[in-house]
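Below you'll find the structure, written out as structure tokens, and then a few comments.
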Amino acid sequence: MVSACGMVEAAPAANNDFVTVKDSHFVRKGRAYYIAGANFWYGGYLGAANSVGDRARLMKELDNMRALGINNLRVLAVSEKTEMKSAVRPATTSAPGQYDEELLAGLDFLMAEVAKRDMTVVIYLNNFWQWSGGMTQYLNWFEGTPALDPNVTKDYDTYMQKTAGFYRNAAAQTEYRNVIAKIVKRVNTVTGKPYSDDAHILSWQLANEPRPGNGKATPEEKAVYVKWIDEVAGYIHSLDKNHLVSSGSEGLAGSAHDAQLYLDAHRTKNIDYLTYHLWPKNWGWFDSNNPSGSWDNAIGKSRDYLNSHIELAKKLGKPIVLEEFGLDRDGPSFSIKASTRLRDRFYREVFDIIATRAGKGDPIAGFNFWAWGGMGRAANADFWWKPGNDFVGDPPQEEQGLYSVFDSDVSSLLLIKEYADRLHAIKR
Ligand SMILES: O=C1NC[C@H](CO)[C@@H](O)[C@@H]1O
């Protein structure tokens, strides 16, 4: 469809094109919809027309993912300019109210290309971690507190406790809502379509891995967190009647290991489905320097984590998506030359539980592995990212190659395809 001004306009979405929730399952175009997805945080960055982007790579990556049966991407929408070393540069927000339109147009291009491949996208609007500036940077702007990079301080407990102050800071919340409105009410500059009418958006997500504080979060901090999720999710629904809203939570590991908190935070009608993440190495269950000695512990805890959250989703009568999980390469090594036998074994364990329980009709709606590295390659001998280097699945806060699945990791890609096919074959 070509509009009067010559802009190619996609036809308006039919109502049942949007992903909706029915009886604890996703429905799209009148049939059950299961997610076989990838984390692709930098998809909007690749879509930028300037030197930051690489549109030819982006289109090739999307084709390669689609060919594997990957039908969903989880993507960062905005980033905040910060002094923290581990953060991506440039940022879409250089200061409150100052947004980089060229970078934001990268998300428009991504969404236009996603639509051509009939994929869907979960778009997150903030970050509890420092690799995109995130909530900590908002506090630097509005409280004047230093944006403390935990990669430098090595003090994650203090980082998490201070970052949760974001939920209570009125000025930070106002700017955050300004950014939410800017994205949710945005008109795609490539297609001319309002984002709120784009059925290829599966959901808006409050943030990447929002936590109530650290593992010792107080009842007051937990109450603030529950209220924040309810109110921000309600605000997004007030701007956009078509799309689902999710929190981006990791599950119990991101809820001070408090199941009641996780349930209370996701009970609100404003949260349409649950999310959880699974990180055996990050959470100390798996020691990649002692794989044989820690494997049983890691897998046992992982299986329990995978299954117990599906039970929590049943309690709330909502779908749940495992939207992040990963394990490092054999060795361990960041090098793309290293094998991925252990990671493949872990992926198969995860996929099997998800596909089996989805096939039985449980409310598990699919997965997004962390993360698509594709054609990207680490540029430096120390595996750290520098501006101008390729984007890979690992954000700048981690070594480039830690968890990325590259286009040369054939055994991993075949595994992803095997289980994508299994999920897409489920009839309900
Ligand atoms: O959201 C996240 N969860 C875990 C990833 C790997 O450590 C990390 O890169 C990201 O911040």
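Order of appearance sets the numbers: ligands from 1, and atoms from 1 within every ligand. Here, residue 1 is the first one in the sequence, and each next residue gets the next number.
Closest to atom 5 (C) of ligand 1 by heavy atom, among Trp279, Trp129, Phe128, is Trp279.
By the criterion of a heavy-atom distance under 4.0 Å, neither the backbone nor the side chain of Asn127 is placed next to ligand 1. Residue contacts with ligand 1 for Pro395 involve side-chain atoms from C-beta outward but no N, CA, C or O (heavy atoms, distance under 4.0 Å).
Proximity to Asn208 (heavy-atom distance under 4.0 Å) selects the following atoms of ligand 1: 1 (O), 2 (C), 11 (O). Near Glu209, meaning under 4.0 Å from any of its heavy atoms, are these atoms of ligand 1: 1 (O), 2 (C), 3 (N).
Checked against Leu206 for a side-chain contact (heavy atoms from CB on, under 4.5 Å), the options Val232, Leu125, Ile180 give a single hit: Val232. Of the residues listed (Asp198, Thr120, Leu73), the one engaging Val114 in a side-chain contact (heavy atoms from CB on, under 4.5 Å) is Leu73, and it is the only one.
Residues Glu143 and Asn169 bring a donor and an acceptor atom of their side chains to less than 3.5 Å of each other. With 3.5 Å as the limit, one finds no donor-acceptor pair spanning the side chains of Asn368 and Asn39. With 3.5 Å as the limit, one finds no donor-acceptor pair spanning the side chains of Arg329 and Ser339.
Contact annotation: Gln397 has at least one heavy atom less than 4.0 Å from an atom of ligand 1.
In terms of protein heavy-atom proximity, atom 7 (O) of ligand 1 is closest to Glu398 OE2, 2.5 Å. For atom 2 (C) of ligand 1, the closest non-hydrogen atom on the protein side is Glu324 OE1, 3.2 Å. Of the protein's heavy atoms, Trp131 NE1, 2.8 Å lies nearest to atom 11 (O) of ligand 1.
At a 3.5 angstrom cut-off on N or O pairs, His277 does not count as close to ligand 1.
Using a 4.0 Å cut-off between charged nitrogen and carboxylate oxygen, Lys417 and Asp421 count as a salt-bridge pair.
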Check step by step if ring pair (Phe, Tyr, Trp, His ring centres under 6.0 Å) holds for Tyr347 and Phe325.
CA-CA 8 Å; Tyr347 269 40; Phe325 62 94; 4.9 Å; yes
